[in-house]
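The chains referred to below are lettered A, B, ... by the order of the sequence lines, with proteins before strands, and numbering in each begins at 1.
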Protein chains: 2
Amino acid sequence: MRDGDRPSQCCLLLSGWACRYKLLSEGRRQILSFHIPGDPPDLQSLHIQTMDHSLATLTEAKVAFISHESLRDLTARFPGIAAILWRDTLVDAAVFREWMVGMGRRSAFERIAHLFCELYLKLQAVGLAENYRCPLPVTQADLGDALGLSNVHVNRVLQEMRGKSLITLRSHTLVIEDWRELLRFAEFDPSYLRLKKRAMA
Amino acid sequence: MRDGDRPSQCCLLLSGWACRYKLLSEGRRQILSFHIPGDPPDLQSLHIQTMDHSLATLTEAKVAFISHESLRDLTARFPGIAAILWRDTLVDAAVFREWMVGMGRRSAFERIAHLFCELYLKLQAVGLAENYRCPLPVTQADLGDALGLSNVHVNRVLQEMRGKSLITLRSHTLVIEDWRELLRFAEFDPSYLRLKKRAMA
DNA sequence: CAGCAGCTATGATCTAGATTAACATATCAT
DNA sequence: ATGATATGTTAATCTAGATCATAGCTGCTG
């Protein structure tokens with residue numbers, strides 16, 4: 001789905017990863033969010049007709065579609081459902097805020113560390129990660145475009161993290177070797193994700 | 001209102017400016033949004049109990065409070081009102097997305113230009129700006145904290161903009177001397193703001 | 001109307017991260 | 001297997017913007 005489209009349905013990611021992004025001149029791209037199974041990546045289209053960004057899959061993915069019509073009917077008849085969906089869009093915005101803090105005020109190292117903490121917890125919450133091991137099916141260029149960094153610098157920071165025995169990252173699998181330390185570097189506070197409490201230490 | 005608070009009411013800004021921000025270690029601050037009269041700067045608190053950021057006024061301000069209780073009652077009984085408020089939070093998120101693009105992929109000059117375009121149009125929409133002249137009651141340090149720049153660099157870019165006869169900025173009043181050119185530099189597309197159509201050229 | 005505090009302005013220096021350019025390693029299609 | 005194309009890695013160089021240091025404003029308080 002592209003910037004400028006006027007979709008008539010929302011989708012729900014059933015498997016695989018997706019991302020939202022915007023393009024600027026000279027090939028500049030900003031990835032706005034990563035999406036994993038269980039996410040409704042374009043709920044906003046229900047109330048904001050034309051897309052102000054694009055949506056793409058990053059892997060093979062399975063997607064369910066629900067028409068705006070039926071969603072509107074549902075939310076009009078069941079305010080509780082409307083509230084739940086509304087809340088989801090508010091958590092989405094909370095993640096945007098955290099990313100803004102990262103891009104404005106965190107170093108490259110802190111930014112990458114923070115993103116890894118975020119992705120791990122989100123994956124864990126839907127049962128796709130455990131033992132500090134999770135899939136990470138994105139390229140280093142994708143990470144750069146998400147964090148406002150060049151692919152070269154992303155690579156260097158990853159090497160540095162490996163050097164510090166913080167993580168390993170091979171064949172699209174991230175292993176967090178020292179969760180406590182990674183949290184500390186990132187100044188990561190998971191409360192913005194609004195996940196059910198679990199062992200996060 | 002502070003990060004971590006659990007407010008029992010939402011507010012509506014009647015006059016003056018406010019901003020939302022987050023703090024990091026070593027005094028780093030990221031301003032997340034500016035708010036002008038007419039904005040409900042903490043609507044998210046209706047569905048997300050604890051604040052993940054702080055809210056402060058930037059000027060003298062008048063504020064109306066509406067209890068969560070009455071808002072919940074209102075939205076449960078009138079799905080149309082819920083939809084309108086929900087939509088407002090979605091536009092809020094669209095502005096976050098645009099700021100993320102700025103911080104990740106725009107130069108300091110482009111970022112400042114973009115912010116000026118955005119603020120001017122938002123003020124114009126509520127009748128607080130015309131003839132390319134609007135109030136801007138924030139310090140250069142505030143602009144820096146909003147855009148991920150140092151106050152020194154903000155100052156230098158402002159000088160550059162004055163040098164190009166793009167703007168004047170004195171005693172908290174911004175005058176856009178060359179709107180077309182400012183738009184062009186910023187790669188600004190106003191559609192994300194979802195304002196009623198007006199003369200924007 | 002002096003004096004202080006918060007801004008704005010400007011120069012000098014430094015640095016995190018960008019850019020460019022190889023080259024190496026996967027992954028994939030035939 | 002074999003080339004083709006997307007990734008990852010590393011080094012050398014460059015630069016936008018940070019940091020540090022002053023000084024000049026502006027406006028407020030006593």
Legend entry - B:Val152 side chain, from C-beta outward: closest of D:dC20, D:dT9, C:dT20: D:dC20

Legend entry - Atom-to-atom span, CG of A:Asn151 to C1' of D:dA6 - whole angstrom: 12 Å

Inset, instruction - Figure out the CG/C1' separation between B:Leu136 and C:dC7, and round it to whole Å. - result: 14 Å

Inset, instruction - Could you tell me whether the phosphate oxygens of D:dA18, OP1 or OP2, come under 4.0 Å of any side-chain nitrogen or oxygen in B:Arg28? - result: no

Inset, instruction - Could you check which of D:dG17, D:dA12, D:dT9 has an atom nearest any side-chain atom of A:Gln159? - result: D:dT9

Inset, instruction - Find the distance B:Glu160:CD to D:dA16:P and express it as a whole number of Å. - result: 10 Å

Inset, instruction - Just call it for B:Gly148: base, sugar-phosphate, or nothing, with non-hydrogen atoms closer than 4.0 Å on any strand. - result: sugar-phosphate

Inset, instruction - Specify the separation, in whole Å, of atom CG of A:Leu149 and atom C1' of C:dG17. - result: 8 Å

Legend entry - Touch class at under 4.0 angstrom, heavy-atom based, for A:Arg170 against every strand present: nothing

Inset, instruction - Report which part of the nucleic acid A:Ser150 touches: base, sugar-phosphate, or nothing (heavy-atom distance under 4.0 Å, all strands). - result: base

Legend entry - B:Arg2 CZ: over 12 foreign heavy atoms closer than 6.0 Å: no

Inset, instruction - May I ask you to decide whether B:Arg72 forms a salt bridge with B:Glu69, counting only side-chain N to carboxylate O separations under 4.0 Å? - result: no

Inset, instruction - Ignoring hydrogens and angles, state whether a donor on the side chain of B:Asp92 or B:Thr89 is under 3.5 Å from an acceptor on the partner side chain. - result: no

Inset, instruction - Write down the distance between CZ (B:Arg105) and P (C:dT19), rounded to a whole number of angstrom. - result: 8 Å

Inset, instruction - Would you mind classifying the nucleic acid contact of A:Ser107 as base, sugar-phosphate or nothing, using non-hydrogen atoms under 4.0 angstrom? - result: sugar-phosphate

Inset, instruction - Just compare C:dG11, C:dT19, D:dG8 and give me whichever is closest to any side-chain atom of B:Arg156. - result: C:dG11

Legend entry - Atom-to-atom span, CD1 of B:Ile112 to C1' of D:dA16 - whole angstrom: 13 Å

Inset, instruction - Rounded off to whole Å, could you give me the NE2-to-P distance for the A:His153 and D:dC14 pair? - result: 19 Å

Inset, instruction - For residues A:Arg111 and A:Leu149, determine if any side-chain heavy atom of one lies less than 4.5 Å from a side-chain heavy atom of the other. - result: yes

Inset, instruction - Using a 4.0 Å heavy-atom cut-off across all strands, classify A:Leu158 as base, sugar-phosphate, or nothing. - result: nothing

Inset, instruction - Step through it carefully: locate the ring centre of A:Tyr120, locate the ring centre of A:Trp179, and say whether they are under 6.0 Å apart. - result: yes

Inset, instruction - Return no unless some side-chain N or O of A:Asn155 is found under 4.0 Å from OP1 or OP2 of D:dT9. - result: yes

Legend entry - For atom CG of B:Leu143 and atom C1' of C:dC7, their distance in whole Å: 13 Å

